[in-house]
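Heads up: the structure comes next, in structure tokens.
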There are 2 protein chains.
Amino acid sequence: MTEKSSPTEPIHARGGSGATIADVAQAAGVSVATVSRALSGNYPVAKATRERIFRSVTDLGYVANAHARALAGATTRTVGIIINDVADPFFAYIARGVERQASAEGRMCLITATHGDKERELALVDLMREQRTDAVILVGGASDDPRYRKQMADRARALDAAGSSLVLCGRPSLGPGVPTKMVTYDNEGGAFAITDYLISQGHRRILYVGGPRDFSTTASRLAGFYRALDARGIERDPALVHEGAFGRGFGYSRMRELLDQDVDFTAVFGANDLVAAGILEALEERGIRVPQDVSVVGYDDVPVASELRPRLTTVRVPLEELGREAVRLALSQSPHDAGASSDNTLTVGTHIVIRDSVSPPSKP
Amino acid sequence: MTEKSSPTEPIHARGGSGATIADVAQAAGVSVATVSRALSGNYPVAKATRERIFRSVTDLGYVANAHARALAGATTRTVGIIINDVADPFFAYIARGVERQASAEGRMCLITATHGDKERELALVDLMREQRTDAVILVGGASDDPRYRKQMADRARALDAAGSSLVLCGRPSLGPGVPTKMVTYDNEGGAFAITDYLISQGHRRILYVGGPRDFSTTASRLAGFYRALDARGIERDPALVHEGAFGRGFGYSRMRELLDQDVDFTAVFGANDLVAAGILEALEERGIRVPQDVSVVGYDDVPVASELRPRLTTVRVPLEELGREAVRLALSQSPHDAGASSDNTLTVGTHIVIRDSVSPPSKP
DNA sequence: CTAGAAATAGTAAGCGTTTACTATGGAGAA
DNA sequence: TTCTCCATAGTAAACGCTTACTATTTCTAG
């Protein structure tokens, strides 16, 4: 890379900190209003003038100050998304969808993570409100603490009043009359389907492992699980359901404990694929073969599912699509859900994907 | 959730869109300056007054307008990070580190993705400049196109002039005299170590698969690979190195092709873990056992590596730490690299982690 | 007592845009 | 020729906040 500085060298031509629109105006010999108009192109500017302005812009390396612009009334063209953890694939894929759709619609994307802290989640919503984002998308299950719900509802109203909107992605409504938009997936249906599949293979004693208690996602998956049991007339056995957490570590350690306790079962339903991965690991460690000795299923169909050996039979959730829809909904002009449920709730389907981790039970 | 509206119901008390500081001032019967000071706490305000103000703030659900604040001179308290793809674990873990460190230092985090498009990358840097972020962190390898480098160098200067800074994370310098900060990891060293390990196990014909050609990351890994070969006096064979892409799909399809061509080799070095996963899949499909028939290694030590069967021997890169360091460096007051290399370049180490995918070759 | 230092509050000048209004030439119409 | 109407360009008023100055009190010390 040579140090020869070409005559068209832009951007750092000016010594000081960032050029302002006034600098551009001066350089081009026009008023700031004219520059602003030439740049936004929503008002006629003579061709010669416009060209002079653009030349000055590149010469000075000018970029508009987004804050001044936002302050002066124009929209921020930014959508905020709040997730649990960037490195969790479940969230990462949703975030990718949001990010892609946002940029398809000419928006930036502000991603923040709560790391499971409810207080932090509320604070982050406020932070996005400070940023005046066009919408804030809240992703993932929620706990059903009524105080929390009330606080979030307040924020939904505040956002709504400010012309923005709160989009709930994969979590339950905040209650009637709270102005939110929602995009969800058929959590209960997927759980039903995969449980039913297990039953159809002959399983009767199915362990359910993982997912925080009192958490909306857990509740729906469990609901589908129970419905499938009920539909086939299989008795619910409380000793078989073990809530806890969504991580791989939880699946591993809880499975070990259960193995130690000699619980009787022929299949395990991991609350998500990560938990299932942990379960598989514990099983492998004890020399229990999957699916010959025990069948295992997961939920989400995150890439690990097909990485595992045996490849995991699981429920496919169109994560990226979920994120895209959230943005579409957020940016659409459709009115909020102001009581009567309307088309601002969107549900995408789920379906099971059958791989190698399930077979009929060996000891029927 | 009842609809009874309690007397302390906040936030939406006001009908209009977001309350301003003036509203709060009026409600509390003081001037806006006093409110501003009570909120930022950098100037004495009588206790009684302060309490009155805070009450009004909660009553009105006031949150400061971040843009007005930024415009009025306060810092934006935001750092920008530009990555390839949110859903790629390599980037996701770095992003997590950035996100965590940023919030530890009281910053928000603006995450955007290029999806491998260089033009878009440049545009995103400008976008962050518009946002006046405290720093922009550019993650991942770069192509060595001189025109691109020059354009990025211009932006580095512009950012620097504006009091922000450009942090290069895991990518080579933009050249001497360009004001950037850098945090990298020992790419070449890791590649050397793992290649040497393969050689020490008796392998002589090692395939190198993956990574875009003319890409800094590929160049360093290949350099380490070659250095290890040279050190042991093994001849470089161009027929054994197959650049291409970083995805799992590439590893799979290229491995299939190579298998069809009957190339002679006993081990494969996947340019990263994803490529290695694809390689493993292709091998498994052909009934070739790993490590008995062929040994395989990867790079990065992303979670998939331990998910795979056999568990992958790979090079550990402290991804999250990398992200954290990038933020620390970005926010530290250390002067930029203005020529003489100084302590604003930080290199974190890599080391190999041995798992189950390597053994001595069966046909020596 | 009284000058001078805190402590506390208010005034008002920006920060960099956007945009409603106003001004200035011509060009075409009457 | 005079009046209207476009096409352009400029003026200046927000936007909501921070902060340098200035103005009051209230102490404290001499």
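These values consider heavy atoms only, across backbone and side chains, with no hydrogens, waters or symmetry-generated copies. Chain A is the first sequence line, chain B the second, and so forth, proteins listed ahead of strands; every chain is numbered from 1.
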Next item on the list: State whether the side chain of H67(B) and the backbone N or O of A68(A) hold a donor-acceptor pair below 3.5 Å, judged by distance alone.
Entry: no
Next item on the list: Rounding to 10 degrees, work out the angle separating the end axes of the helix from dC1(C)-dG30(D) to dA30(C)-dT1(D) (five pairs an end).
Entry: 50°
Checklist line | Partners passing side-chain hydrogen bond (donor to acceptor under 3.5 Å, both in side chains) against T114(A) (at least two apart in sequence or in another chain) | finding: N84(A)
Item checked: salt bridge (Lys or Arg N to Asp or Glu O under 4.0 Å) contacts in which one or both residues fall within residues 131-140 of chain A, not counting sequence neighbours -> R107(A)-D134(A)
Item checked: Heavy-atom check, side chain of M152(B) versus side chain of L138(B), under 4.5 Å -> yes
Checklist line | salt bridge (Lys or Arg N to Asp or Glu O under 4.0 Å) partners for D117(A), two or more places apart | finding: none
Notebook entry, point to check: Between D160(A) and R157(A), is there a side-chain N and carboxylate O pair less than 4.0 Å apart?
Noted result: no
Check: How would you list, by chain and number, every residue that makes a salt bridge (Lys or Arg N to Asp or Glu O under 4.0 Å) with E320(A), sequence neighbours excluded?
Finding: R96(A), R100(A), R324(A)
Check: Base, backbone or nothing for each nucleotide of nucleotides 14-29 of chain D, written B, S, -, heavy atoms under 4.0 angstrom, 5' to 3'?
Finding: -BBBBBB---------
